[in-house]
Undergrad: 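The structure under discussion is supplied below as structure tokens; questions concerning it will follow.
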Number of protein chains: 2
Amino acid sequence: MLQSRTEVVADYALQTQVAPRRVLARQPLQALETLGQQITVRRGKEIYAEGALADHCYKIVSGSVRLVKLMADGHRQICEFLVAGDLLGFEDEDDRYFAAEAVSDCVLMRYSRRSVDTLITEDNAFARHMRHLTAKGLEGAYKRMVLLCHKTAQERVAWFLLELSERTANDNDCIQLPMTRGDIADYLGMVIETVSRTLTQLKESGVISMQSVNRIKLVDRDALEDARGDL
Amino acid sequence: MLQSRTEVVADYALQTQVAPRRVLARQPLQALETLGQQITVRRGKEIYAEGALADHCYKIVSGSVRLVKLMADGHRQICEFLVAGDLLGFEDEDDRYFAAEAVSDCVLMRYSRRSVDTLITEDNAFARHMRHLTAKGLEGAYKRMVLLCHKTAQERVAWFLLELSERTANDNDCIQLPMTRGDIADYLGMVIETVSRTLTQLKESGVISMQSVNRIKLVDRDALEDARGDL
DNA sequence: CGTAGTCTTGACCTAGCTCAATCATAGTGG
DNA sequence: CCACTATGATTGAGCTAGGTCAAGACTACG
């Protein structure tokens, strides 16, 4: 299982290269390319800690990342999953509001906060692009808020699967889940058991099938979209 | 009651003038002052609609505003409450993701998107300040996410009351609720009845008292902070 | 005084949580 | 190659917080 989780990483990297929706976004980011150095982070390791000084920003080359907020009462909230191509830690704040952890083995580009700041003040297109990304991030957060307030377990899981299938290019409507059920639960505001039960329900109603525990085939995408409801 | 809701507006405006936490934020925004024109919006009226062209930005002079997302299934999500001093609609997007409505009668400063864009490219301090505000907004959204995922009705309402009391200066730990129970419910991901019940519970346990239906006194702030839990 | 909008309270019901047992899979060491 | 172990996933059996539905109560205002 660990093995398969690691393989996914390579997939993402490859697929993102050709995913058309990223091409547009790439242009203004070329200015970054020369500034960064490449680093790797092993599965489960922290990229940065909650409360740490925000001295670097990152771009995910391959692998996926979770943004984690840990509560005193032991609860864990996953604020966001990020995949290859996504930017990370560009919030304009002195210290991290949440931690970033590698869900699978990751290759990242790392940029110093200072050089990014300079780029933002000097390159208008880049600055505008960053503002746009932040706005999209905020929009996504509000969407999740609606999800967490008003949606049933089925709707949440359906939404999650569709979202993941859109964000990571995939062949034949087959998606790899690099994260555990626990991760999904903490992302969707549910418990592990409910995530598991909901997946089996979807499987039994023929909407999805599971080649392995973390390889899911979207058999009936229309039914899944119905199950998600509108957002 | 309508009367009292309207009175609050004037209070906010006055109090924000002297609230120390706003003073710092005001400096970089002075550049805006000359660009805007003042408008008023009556209680319940739309400032902008969901999906509308985002051609203006606003600053709240007095009154309060809700950001509303309406779902096809009839559910309504209030993404944010904004009070005097807050900025509104500065997201870098072509059309509005949610609608903005006046919770009470409002006085707003309105700026054309074009002039704000120019200011952002020309005034680095202003641009930085705007990035910082957006980052704070995102942080707030993630906090709400935690709230919606893991918190009980009591914790949500306690959090809401404390939040409101911090954001709107108030005398003697007394806060005015410009919004209805329905608004609060749609903000906290609950139903009207539960909001009402929770408020009575807090009242009966002596944590708060209610001078009128929308004027709440925080009798025991410590107990309220306990009820909120940590965030 | 009547009306309309808002708020409160009560009685019920259910989606999803908790607790607990079992199963599946990958990695390990002999 | 085969136990053995650890981690994760599934399934089952209750239980409860909060949602639903329905009936009143309060308040502002014409």
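Chain identifiers are assigned alphabetically (A, B, ...) following the order of the sequence lines, protein sequences preceding nucleic acid strands; residue numbering begins at 1 within each chain.
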Undergrad: In whole angstrom, what separates Q201(A)'s CD from dA9(D)'s P?
TA: 18 Å
Undergrad: Does R156(B) make a cation-pi contact with Y187(B) (under 6.0 Å, within 45 degrees of the axis)?
TA: no
Undergrad: Could you tell me whether G44(B) contacts a base, only the sugar-phosphate backbone, or nothing, with contacts defined as non-hydrogen atoms closer than 4.0 Å?
TA: nothing
Undergrad: Separation of M210(B) atom CE from dT9(C) atom C1', in whole Å?
TA: 14 Å
Undergrad: With the side chain counted from C-beta on, respond yes when L202(B) and L161(B) share a heavy-atom pair under 4.5 Å apart, and no when they do not.
TA: yes
Undergrad: Taking for each residue the nucleotide of DNA chain C bearing the nearest heavy atom, is the 5' side occupied by E193(A) or by A153(A)?
TA: A153(A)
Undergrad: Are the side chains of H75(B) and C149(A) in contact, using a 4.5 Å heavy-atom criterion?
TA: no
Undergrad: Nearest whole angstrom, please: distance from the P of dT6(C) to the CG of D186(B).
TA: 13 Å
Undergrad: What is the distance, to the nearest angstrom, from the CE atom on M190(B) to the P atom on dG19(D)?
TA: 6 Å
Undergrad: From the set dC17(C), dT8(C), dA9(D), return the single nucleotide nearest to any side-chain atom of T194(A).
TA: dC17(C)
Undergrad: Nearest whole angstrom, please: distance from the P of dC7(C) to the CG of L177(B).
TA: 9 Å
Undergrad: Measure from the side chain of R197(A), starting at C-beta and using heavy atoms only, and say which of dT10(D), dG12(D), dA11(C) lies closest.
TA: dG12(D)
Undergrad: Is the distance from OP1 or OP2 of dT7(D) to the nearest side-chain N or O of T180(A) less than 4.0 Å?
TA: no
Undergrad: Would you say the ring centers of Y97(B) and Y142(A) fall short of 6.0 Å from each other?
TA: no
Undergrad: Please give, in whole Å, the distance from dG5(C) P to N214(B) CG?
TA: 18 Å
Undergrad: When you get a sec, tell me which of dT8(C), dC17(C), dT10(D) is the closest nucleotide to the side chain of I192(B)?
TA: dT8(C)
Undergrad: Does R66(B) come within less than 4.0 Å of D186(B), counting only side-chain N to carboxylate O?
TA: no
Undergrad: From C-beta outward on V213(A), which listed nucleotide comes closest to its side chain: dC7(C), dT11(D), dA9(D)?
TA: dA9(D)
Undergrad: Please give, in whole Å, the distance from dT10(D) P to E204(A) CD?
TA: 11 Å
Undergrad: Calculate the interatomic distance between I216(A) atom CD1 and dA9(D) atom C1'; express it in whole Å.
TA: 12 Å
